[in-house]
S.K.: 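I'd like to ask some things about the structure below.
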Amino acid sequence: MLRTILLGPPGAGKGTQADRIVEKYNVPHISTGDIFRANIKNGTELGKKAQEYMNKGELVPDDLVVEIATDRLMQDDCKEHGFLLDGFPRTVYQAEKLDEFLAGQGLKLDTVIDLEVAEDVLMKRLTGRRVCKACGASYHIVNVPPKQEGICDKCGGELFQRADDNEETAKNRIDVYNNETAPLVDYYEKAGNIAKIDGAAPLEETFASIVSALGE
Ligand code: AMP
């Protein structure tokens, strides 16, 4: 059982590390960004609302996100196995609402993981990222290129660039992170349960540091 949050700016490698954490700890991966993208793909009302903010690299309004996240946390798999939150909370308000929700269920967070990466590295990672349309696997045109350009190694699906990974929107997302989300590092530090991990190290090294912070 694990109940934790992956904090860190866009491009810090939260999604990549989340895949590994999920595999090792058998815990549901809850990415509010993925939930919104699935809703956009399916043309839902929620998707339409979220899209206008996402395309600009802005945050979706707190109340909407809190409702989506807490609904998801109420599901049976989270009760059974805990959760790994990725991309939520992103504001102090969201963190307070999460705390209220957990307190109401008599639950506590384990160590929060904060992935730290310098800003110039983030920009290169975001603008070079390519994602598989079919299976969601993530690549990078320089760091993790697919064997055949534009094609997913795992499933043969087509790779595309996320609408919010262009230079201008990526920069805005990093600014939004610095203004709105970075204060959460202090927030969880005061709560006494955060581990700062070097997210610029090789992938396996970063993962090993996460495991040592979370415990086997
Ligand atoms: P991500 O996939 O985590 O990078 O999220 C993509 C976009 O979805 C963000 O840039 C926001 O527009 C929106 N989003 C995802 N999670 C949240 C959240 N917790 N609060 C507000 N907006 C969010």
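In what follows, every heavy atom counts, from backbone to side chain, and hydrogens, waters and symmetry copies are set aside. Just so you know, ligand 1 is whichever comes first in the structure, and atom 1 is the first atom listed for that ligand. The first residue in the sequence is number 1, and the count goes up from there. Bear in mind that the values here come from a model prediction, so they are computed numbers and not experimental data.
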S.K.: Does V60 approach ligand 1 within less than 4.0 angstrom via side chain, backbone, both or neither, non-hydrogen atoms only?
M.R.: both
S.K.: Taking K196 first and then D114, would you say they form a salt bridge - that is, a charged N and a carboxylate O separated by under 4.0 Å?
M.R.: no
S.K.: Report yes if D86 has an N/O atom closer than 3.5 Å to an N/O atom of ligand 1; otherwise report no.
M.R.: no
S.K.: Considering all heavy atoms of both residues, which atom of L184 and which atom of A95 are nearest to each other, and what is their separation?
M.R.: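 In this case the closest contact between L184 and A95 is CD2-CB, 3.6 Å.
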S.K.: Can you sort out which atoms of ligand 1 are near G87, meaning under 4.0 Å from one of its heavy atoms?
M.R.: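 Under 4.0 Å from G87, ligand 1 has these atoms: 16 (N), 17 (C), 18 (C), 19 (N).
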S.K.: Using a strict threshold of under 4.0 Å (side-chain N to carboxylate O), is an ion pair present between K48 and E45?
M.R.: yes
S.K.: Which of the numbered atoms in ligand 1 are under 4.0 angstrom from any heavy atom belonging to V65?
M.R.: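 Every atom of ligand 1 under 4.0 Å from some heavy atom of V65: 18 (C), 19 (N), 20 (N), 21 (C).
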S.K.: Assess whether a salt bridge exists between E168 and K171, defined as any Lys/Arg side-chain N lying under 4.0 Å from an Asp/Glu carboxylate O.
M.R.: no
S.K.: Any idea which protein heavy atom is nearest atom 16 (N) of ligand 1, and the distance to it?
M.R.: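 For atom 16 (N) of ligand 1, the nearest protein heavy atom comes out as T32 OG1, 2.8 Å.
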S.K.: Counting only heavy atoms, which portion of R162 has something under 4.0 Å from ligand 1: side chain, backbone, both, or neither?
M.R.: side chain
S.K.: Report, in ascending order of atom number, the atoms of ligand 1 lying under 4.0 Å from any heavy atom of R173.
M.R.: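 The atoms of ligand 1 under 4.0 Å from a heavy atom of R173 are 4 (O).
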S.K.: Using a 4.0 Å cut-off to any heavy atom of Q94, which atoms of ligand 1 qualify?
M.R.: 18 (C), 19 (N), 20 (N), 21 (C)
S.K.: Atoms of ligand 1 less than 4.0 Å from E58 heavy atoms?
M.R.: 11 (C), 12 (O)
S.K.: Who's the nearest protein heavy-atom neighbour of atom 5 (O) of ligand 1, and how far?
M.R.: R90 NH2, 3.4 Å
S.K.: Taking side chain to side chain contact (heavy atoms under 4.5 Å, CB included) as the criterion, tell me which of L102, I194, T4 meets it with L109.
M.R.: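 By the side chain to side chain contact (heavy atoms under 4.5 Å, CB included) criterion, L109 pairs with just one of L102, I194, T4: L102.
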S.K.: Under 4.0 Å, heavy atoms only, figure out whether ligand 1 is touched by the backbone of K14, its side chain, both or neither.
M.R.: neither
S.K.: Is the closest side-chain donor-acceptor distance between D62 and T91 under 3.5 Å?
M.R.: yes
S.K.: Show which atoms of ligand 1 fall inside a sub-4.0 Å distance from at least one heavy-atom site of R37.
M.R.: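 With R37 as reference, the close atoms of ligand 1 come out as 2 (O), 6 (C).
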S.K.: Atoms of ligand 1 less than 4.0 Å from F88 heavy atoms?
M.R.: 19 (N)
S.K.: Is a salt bridge present between D77 and R72, judged by a nitrogen-to-oxygen distance below 4.0 Å?
M.R.: yes
S.K.: Between R173 and E58, does any side-chain N to carboxylate O distance fall below 4.0 Å?
M.R.: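 Salt bridge flag = no for E58 with R173.
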S.K.: Distance-only, no hydrogens or angles: does the T44 side chain make a donor-acceptor pair with backbone N or O of I40 under 3.5 Å?
M.R.: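 Between the backbone of I40 and the side chain of T44 there is no qualifying donor-acceptor contact (under 3.5 Å).
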